[in-house]
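To start, the structure itself, in structure tokens.
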Amino acid sequence: LSTMVDVPGLTDVLCGAPSSRGPGHFRGVTTVVTKLLNMCGPDVAYFGRKDYQQTLVIKRLVRDRDMPVRIVVARR
């Protein structure tokens, strides 16, 4: 891929730090999630709460890109 989706700020700390999950981890996640949401066009997308930082990144992505999907964090 030559086009990537990045959410700066939230992805530079904690699990996004270069030594934790590897450089570009969240860039890969946000790029794949963007493609998936664009292809499927869901009204609602559910994410697990185990990875709180990733959920925050996805919520910011959806908000910033004006995607018409509601992100719900599963309770279990």
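- Around atom CG of Asp43, no more than 12 heavy atoms belonging to other residues, nucleotides or ligands sit under 6.0 Å away.
- Residues Tyr46, Val72 make up the rest of the hydrophobic cluster containing Val44, defined by ILVMFWY side-chain heavy atoms closer than 4.5 Å, directly or through other members.
- The closest side-chain heavy-atom distance from Thr34 to Met67 is below 4.5 Å.
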Val62/Leu37 under side-chain contact (heavy atoms from CB on, under 4.5 Å): CA gap, chis, key distance, verdict: CA-CA 9 Å; Val62 166; Leu37 294 176; 4.0 Å; yes
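- Counting only heavy atoms from C-beta outward, the side chains of Val5 and Lys35 never approach each other to under 4.5 Å.
- The two residues Ala74 and Gly48 come nearest to each other via the heavy atoms CB-CA, 4.4 Å.
- Every side-chain contact (heavy atoms from CB on, under 4.5 Å) that Tyr52 has, sequence neighbours left out, goes to Leu56.
- For Arg27, the salt bridge (charged side-chain N to carboxylate O under 4.0 Å, His left out) test picks out Asp6, with sequence neighbours left out.
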Applying side-chain contact (heavy atoms from CB on, under 4.5 Å) to Gln53 and Phe26, what does each step give before you reach the verdict? CA-CA 10 Å; Gln53 184 178 14; Phe26 282 115; 3.8 Å; yes
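- Of all non-hydrogen atoms in Thr30 and Leu61, the two that sit nearest each other are O-CD2, 4.0 Å.
- Here the side chains of Val57 and Val29 are not in contact, with every heavy-atom distance at 4.5 Å or above.
- Proximity of Ile71 to Arg63: side-chain heavy atoms (C-beta onward) are nowhere separated by under 4.5 Å.
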Between Gln54 and His25, is a side-chain contact (heavy atoms from CB on, under 4.5 Å) present by the stated rule, with each step listed? CA-CA 10 Å; Gln54 181 168 293; His25 169 76; 4.2 Å; yes
